[in-house]
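Here the structure comes first, spelled out in structure tokens, and everything after it is commentary.
Index from 1, following the sequence. Both ligands and their constituent atoms are indexed starting at 1 by order of listing. In this text the structure is predicted, and so the values were computed from the model without any measurement.
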Amino acid sequence: MTDLSATSQKQITIVVPAYNEEGNVAVLRDRVAATLDPLGRYSWKMLFVDDGSRDGTLGALKRLAQEDPRVGYLSFSRNFGHQAALKAGLDEARGAAVISMDADLQHPPELLPQLLSLWEQGAEIVYTLRQDTVEVGVFKRATSRLFYRAFNALSDLDLDPGAADFRLLDRKVVEAVRQIPESGLFLRGMIHWMGFRQAALPYRVGTRHSGSSKYTFSKMLRLASDGVLSFSTKPLRMASLAGCAVSGLSGLYALYAVAMHLFNRNTISGWTSLLISVLFLGGIQLLSIGLLGEYLGRVLMESKRRPHYLISERG
Ligand code: UDP
Ligand code: MG
């Protein structure tokens, strides 16, 4: 008799971007194993993506892969960023479902059974919603809230605040993500945009196990601007609207100036209003040109069609 339980096991892959996470990868593997093995229904693999770490992450991954055949890794030639690492993981992952999570244990592995059960109930995307707790710093909470508010106002999407890159994707969705050629990838928005049957799972974010946050302020800014600029051209429209409003006002002021000149010969030329209007117009013009430049720069980067990441080692 054939062993049905072995053949009916579902194949899943867990993708984990890791940048300088040497103290976390082994702990994460242990906690994932402790959660999934007792269920017995899944044949799982972990695919770590070493995003050009400068500490011992790659060494730790090599040791882990040697002792556990369920662990695999990709190593980038340099730091390409979290979104690129996620993309690489999705490009390479096999299995009927792919789960992505952070390496620092802030995304609790104990939640995996719930993600999987929502998937088995028919959801093709299971995304998680971070319940902000004291574990998330004040600065992170404030900037994140500001970002989601701005993003939702500027784009046609409506992202849930606290959406993170901790989610399960069905094979169908993974294939769809692999088709996306754009390089300024903002996966959160993209996956929301894609549709499919989605389910949300709220969770309490954990504390980082070891090390400190790898998202520097400039990386957060980059992610935020990629997010807004790749999903909206509203900022361009706002620049033109500001241009119209300012021209309208200056038209009125011109009429006033001419009237004053005609009816009151001793007009003292208004140095203050002149200065203000010159500065104001100059400011708006520079801002609009900068905005155009941001979009144009992205068009340039897309047109180069460079690969999103380069892999130097795998195992
Ligand atoms: N990360 C990455 N490349 C980077 C920055 C971060 O792969 O350039 C990974 C990091 O190792 C972690 C995840 O992205 O697994 C989230 O980063 P982090 O925990 O530092 O962000 P935070 O939780 O502070 O938002
Ligand atoms: Mg973290």
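Taking every heavy atom of Ala18 and a limit of under 4.0 angstrom, the matching atoms of ligand 1 come to 7 (O), 11 (O). Near Asp104, with a cut-off below 4.0 Å to any heavy atom, the atoms of ligand 1 are 19 (O), 23 (O). Near Gln106, meaning under 4.0 Å from one of its heavy atoms, ligand 1 places the atoms 19 (O), 23 (O). Listed by number with element, the atoms of ligand 1 under 4.0 angstrom from any heavy atom of Gly81 are 3 (N), 8 (O).
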Which is it for Tyr127 and Phe166 under the ring pair (Phe, Tyr, Trp, His ring centres under 6.0 Å) test, yes or no, and what are the steps along the way? CA-CA 7 Å; Tyr127 61 96; Phe166 179 23; over 10 Å; no
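When hydrogens are left out, the protein atom nearest atom 16 (C) of ligand 1 is Asp102 OD2, 3.2 Å; that is the closest non-hydrogen contact. Among protein heavy atoms, atom 25 (O) of ligand 1 sits closest to Lys140 NZ, 2.7 Å. The shortest contact between atom 6 (C) of ligand 1 and any protein heavy atom is with Lys214 CB, 3.6 Å. The protein heavy atom nearest to atom 4 (C) of ligand 1 is Asp51 OD2, 3.5 Å. With hydrogens left out, the protein atom closest to atom 12 (C) of ligand 1 is Glu21 OE2, 3.4 Å, a heavy atom. Scanning all protein heavy atoms for the shortest distance to atom 24 (O) of ligand 1 gives Ser213 OG, 2.5 Å. The protein non-hydrogen atom at the shortest distance from atom 1 (N) of ligand 1 is Tyr19 CB, 3.8 Å. Counting protein heavy atoms only, atom 18 (P) of ligand 1 is closest to Arg208 NH2, 3.5 Å.
Counting backbone and side-chain atoms alike, Ser213 contributes no N/O/S atom closer than 2.8 Å to the Mg ion (ligand 2).
Between Lys87 and Glu92, none of the side-chain N atoms (NZ, or NE/NH1/NH2) sits under 4.0 Å from a carboxylate O, so this pair counts as no salt bridge. Of the charged side-chain nitrogens involved, at least one lies within less than 4.0 Å of a carboxylate oxygen, so that Arg208 and Glu21 count as a salt-bridged pair.
Polar contact check, Ser212 against ligand 1: no nitrogen or oxygen pair lies under 3.5 Å apart. Between Pro17 and ligand 1, a contact under 3.5 Å exists for at least one N or O pair. Checked against a 3.5 angstrom limit, the closest N/O atoms of Ala103 and ligand 1 fall inside it.
Side-chain atoms of Gln83 and Asp165 form a donor-acceptor pair, as typed in the model, at a separation below 3.5 Å. In the model, Lys214 has no side-chain atom that pairs as donor or acceptor with a side-chain atom of Asn79 under 3.5 Å. Between the side chains of Ser183 and Glu302, at least one donor-acceptor pair of N or O atoms lies under 3.5 Å. Donor-acceptor pairing under 3.5 Å is lacking for the side chains of Asp51 and Tyr309. Between the side chains of Tyr215 and His82, at least one donor-acceptor pair of N or O atoms lies under 3.5 Å.
Closest N/O/S atom of Asp104 to the Mg ion (ligand 2): OD2.
Partner of Pro109 under the side-chain contact (heavy atoms from CB on, under 4.5 Å) criterion, chosen from Asp30, Val27, Thr35: Thr35.
Here the CD1 atom belonging to Ile12 is positioned 10.5 Å from the CE atom belonging to Met46, to the nearest 0.5 angstrom.
Only the side chain of Asn79 comes within 4.0 Å of ligand 1, judged by heavy-atom distances.
Note on ring orientation: taking the six-membered ring where Trp is involved, the planes of Phe186 and Phe231 are perpendicular (angle over 60°, cut-offs 30° and 60°).
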